Amino acid sequence: MPNKNDVRLQKFMADCGVASRRKSEEIIEAGKVKVNGHIAHIGDKINPKKDLVTVYGKKLNKVNSMRYIMLHKPRGYLTTVSDELGRKTVMDLVKDVNERVYPVGRLDKDSEGLLILTNDGSFANALTHPRHNFAKVYRVTVRPAVSDEMLYKLRNGIEIDGRETAPCEVTVITQEQGRVVLEFILHEGRNRQIRKMCDAVGLEVARLKRSSMGSLKLGMLPQGKWRDLTENEVKKLLRSSEKKVVE
């Protein structure tokens with residue numbers, strides 16, 4: 001019989017600062033999670049007060065102190081908690097953070113800019129759930145040149161990975177011989193979406209930088225550095241997500 005204290009395993013993992021709910025599901029599917037000594041499965045629920053949950057053999061405890069961090073991610077770093085090949089990850093840049101935080105969403109290895117890290121599973125879910133559609137702004141340098149036809153396709157939808165992209169805003173910022181800087185405003189977050197969109201119309205992405213997400217702006221934060229979000233910044237992001245659910 002269901003217990004009112006039971007929670008989904010991936011939610012508990014996110015609340016313990018392991019990873020986002022989606023990434024936690026991947027860890028469960030890989031067989032790295034055990035509940036009371038037994039390998040866990042997607043869909044399992046646990047009672048945090050009674051059940052022993054281990055990930056990679058280590059016991060999980062619910063987080064008491066919440067951290068909300070903005071990092072200016074440089075190129076060359078993977079957006080993941082760990083890498084089996086020993087490559088650099090964004091966690092190398094926040095080693096001085098005492099809490100066990102993890103990235104919210106992703107920026108691919110060759111991209112840079114604003115990245116949020118937290119150990120608050122509910123906050124991470126609010127920011128990444130598809131129904132919330134946070135506006136994310138990117139400055140993208142492409143080669144060689146951009147035509148009106150390309151802009152039309154980028155703005156109105158392109159089929160990538162068997163599914164059409166949602167309409168988005170694309171603006172030409174600067175244009176010179178063999179090089180154009182575009183601003184993309186997306187409301188969805190598919191894997192390597194901008195790179196795939198540009199590739200589909202014959203453009204090469206030379207540089208991609210995320211400058212804002214919802215109400216949060218990267219500002220003058222130096223590359224490779226991080227800072228804590230203010231209480232007001234966290235509240236504004238959460239209020240925005242709640243408003244979008246109502247809408």
Side-chain angles (χ1 to χ4, degrees), residues 9-35 39-42 53-61 63 66-121 123-125 127-130 136 138 140 160-161 186 188-196 198-199 204-211 213 218 221-229:
L9 179 56
Q10 63 267 33
K11 180 182 185 302
F12 178 70
M13 289 170 63
D15 289 342
C16 290
V18 174
S20 66
R21 292 188 196 180
R22 187 181 303 173
K23 187 65 178 177
S24 293
E25 289 176 354
E26 293 176 13
I27 299 171
I28 295 169
E29 286 181 332
K32 305 300 183 182
V33 184
K34 290 185 177 181
V35 178
I39 293 177
H41 301 90
I42 296 294
V53 179
T54 59
V55 179
Y56 299 106
K58 294 183 179 180
K59 179 184 175 183
L60 291 192
N61 295 299
V63 172
M66 298 300 185
R67 289 294 291 272
Y68 309 91
I69 288 168
M70 178 170 68
L71 170 71
H72 186 162
K73 177 194 174 298
R75 283 182 280 187
Y77 287 80
L78 295 174
T79 303
T80 184
V81 172
S82 61
D83 180 63
E84 293 179 354
L85 300 178
R87 292 171 294 182
K88 295 185 296 185
T89 78
V90 293
M91 305 312 295
D92 295 325
L93 301 169
V94 293
K95 285 182 176 178
D96 48 346
V97 176
N98 293 326
E99 289 79 5
R100 183 179 179 175
V101 296
Y102 56 87
V104 179
R106 62 166 71 88
L107 278 175
D108 66 54
K109 179 173 173 285
D110 298 317
S111 298
E112 58 192 291
L114 189 159
L115 184 69
I116 297 173
L117 298 97
T118 189
N119 57 359
D120 184 341
F123 176 77
N125 191 56
L127 265 59
T128 56
H129 199 288
K136 294 178 281 290
Y138 301 82
V140 186
I160 57 173
D161 301 328
L186 300 187
E188 59 181 348
R190 295 160 62 179
N191 186 34
R192 297 177 66 84
Q193 180 171 339
I194 291 176
R195 294 184 185 277
K196 290 178 179 179
C198 290
D199 184 61
E204 176 196 354
V205 174
R207 189 175 184 185
L208 192 157
K209 180 178 181 178
R210 180 159 64 198
S211 58
M213 179 176 176
L218 185 62
L221 183 66
Q223 195 172 87
K225 301 297 183 182
W226 63 269
R227 70 167 176 83
D228 285 293
L229 298 187

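Just so it is clear, the values below take in all heavy atoms, side chains as well, and ignore hydrogens, waters and symmetry mates. Model, not experiment: these values are computed from the prediction.
Of the residues Val94, Leu117, Asp228, the one that meets the side-chain contact (heavy atoms from CB on, under 4.5 Å) test with Arg67 is Asp228.
Looking at Glu26 and Lys23, a side-chain N of the basic residue comes within less than 4.0 Å of a carboxylate O on the acidic one, giving a salt bridge. Salt-bridge formation is detected for the pair Arg75/Glu112: a Lys NZ or Arg NE/NH1/NH2 atom is positioned less than 4.0 Å from an Asp or Glu carboxylate oxygen. Note on Glu188 versus Lys136: no salt bridge recorded, every NZ/NE/NH1/NH2 to OD/OE distance being 4.0 Å or above.
With rounding to the nearest 0.5 angstrom, the CZ atom of Arg210 is 9.5 Å from the CG atom of Leu208. For the atom pair CD of Glu25 and NE2 of His41, the computed distance is 14.5 Å after rounding to the nearest 0.5 Å. To the nearest 0.5 angstrom, Cys16 atom SG is 10.5 Å from Lys59 atom NZ. Atom CH2 of Trp226 and atom CG of Leu221 lie 10.5 Å apart (nearest 0.5 Å). Rounding to the nearest 0.5 Å gives a distance of 12.0 Å between NZ of Lys209 and OG of Ser111. Taking CE from Met70 and CZ from Arg227, the interatomic distance works out to 3.5 Å, rounded to the nearest 0.5 Å.
Closest approach of Ile39 and Gly31 over heavy atoms only: CG2-CA, 4.2 Å. Counting all heavy atoms, side chain and backbone alike, Arg22 lies closest to Thr128 at NH2-O, 4.1 Å. Across every non-hydrogen atom of Leu93 and Pro74, the tightest pair is CD1-CD, 3.5 Å. Closest approach of Arg106 and Thr79 over heavy atoms only: CA-CG2, 3.7 Å. Heavy atoms only, all atoms of each residue included: Leu71 and Val90 are closest at CD2-CB, 3.9 Å. Of all heavy-atom pairs spanning Leu9 and Ala40, the tightest one is CD2-CB, 3.4 Å.
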Subject >> Stepwise salt bridge (charged side-chain N to carboxylate O under 4.0 Å, His left out) test for Asp83 and Arg87 >> reply: CA-CA 6 Å; Asp83 180 63; Arg87 292 171 294 182; 3.0 Å; yes
Original post:
Going through the distances and angles, do Tyr68 and Asp120 end up as a side chain to side chain donor-acceptor pair (under 3.5 Å)?
Top reply: CA-CA 8 Å; Tyr68 309 91; Asp120 184 341; 2.6 Å; yes
Subject >> Check against salt bridge (charged side-chain N to carboxylate O under 4.0 Å, His left out), Asp199 and Arg195 >> reply: CA-CA 6 Å; Asp199 184 61; Arg195 294 184 185 277; over 6 Å; no
Subject >> Residues Met91, Val101; criterion side chain to side chain contact (heavy atoms under 4.5 Å, CB included); working and verdict >> reply: CA-CA 8 Å; Met91 305 312 295; Val101 296; 4.1 Å; yes
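For the pair Lys88 and Tyr77, the cation sits on the ring face: its NZ or CZ lies under 6.0 Å from the ring centre, inside 45° of the axis.
Contact annotation: the side chain of Ile194 approaches that of Leu186 to within less than 4.5 Å [non-hydrogen atoms, C-beta and beyond]. Side-chain contact between Asp110 and Arg207 is absent, with no heavy atoms from C-beta onward closer than 4.5 Å. A heavy-atom distance below 4.5 Å is not found between the side chains of Leu229 and Ile69. The closest side-chain heavy-atom distance from Arg190 to Ile160 is below 4.5 Å. At a threshold of 4.5 Å between non-hydrogen side-chain atoms, the residues Pro103 and Val81 count as touching. For the pair Thr118/Val104, a side-chain contact is recorded, criterion being any heavy-atom separation below 4.5 Å from C-beta on. In this structure, the side chains of Val33 and Thr54 stay at 4.5 Å or more apart for every pair of heavy atoms. Using a 4.5 Å heavy-atom cutoff, the side chains of Lys225 and His72 are not in contact.
Annotation: ring-ring contact (aromatic ring centres under 6.0 Å, His included) contacts of Tyr138 (sequence neighbours excluded): none.
Between the side chains of Asn119 and Tyr102, no donor-acceptor pair of N or O atoms lies under 3.5 Å.
A 6.0 Å sphere centred on NZ of Lys196 holds more than 12 heavy atoms belonging to other residues, nucleotides or ligands.
Side chain of Ser24 to backbone of Met13: no donor-acceptor contact under 3.5 angstrom is found.
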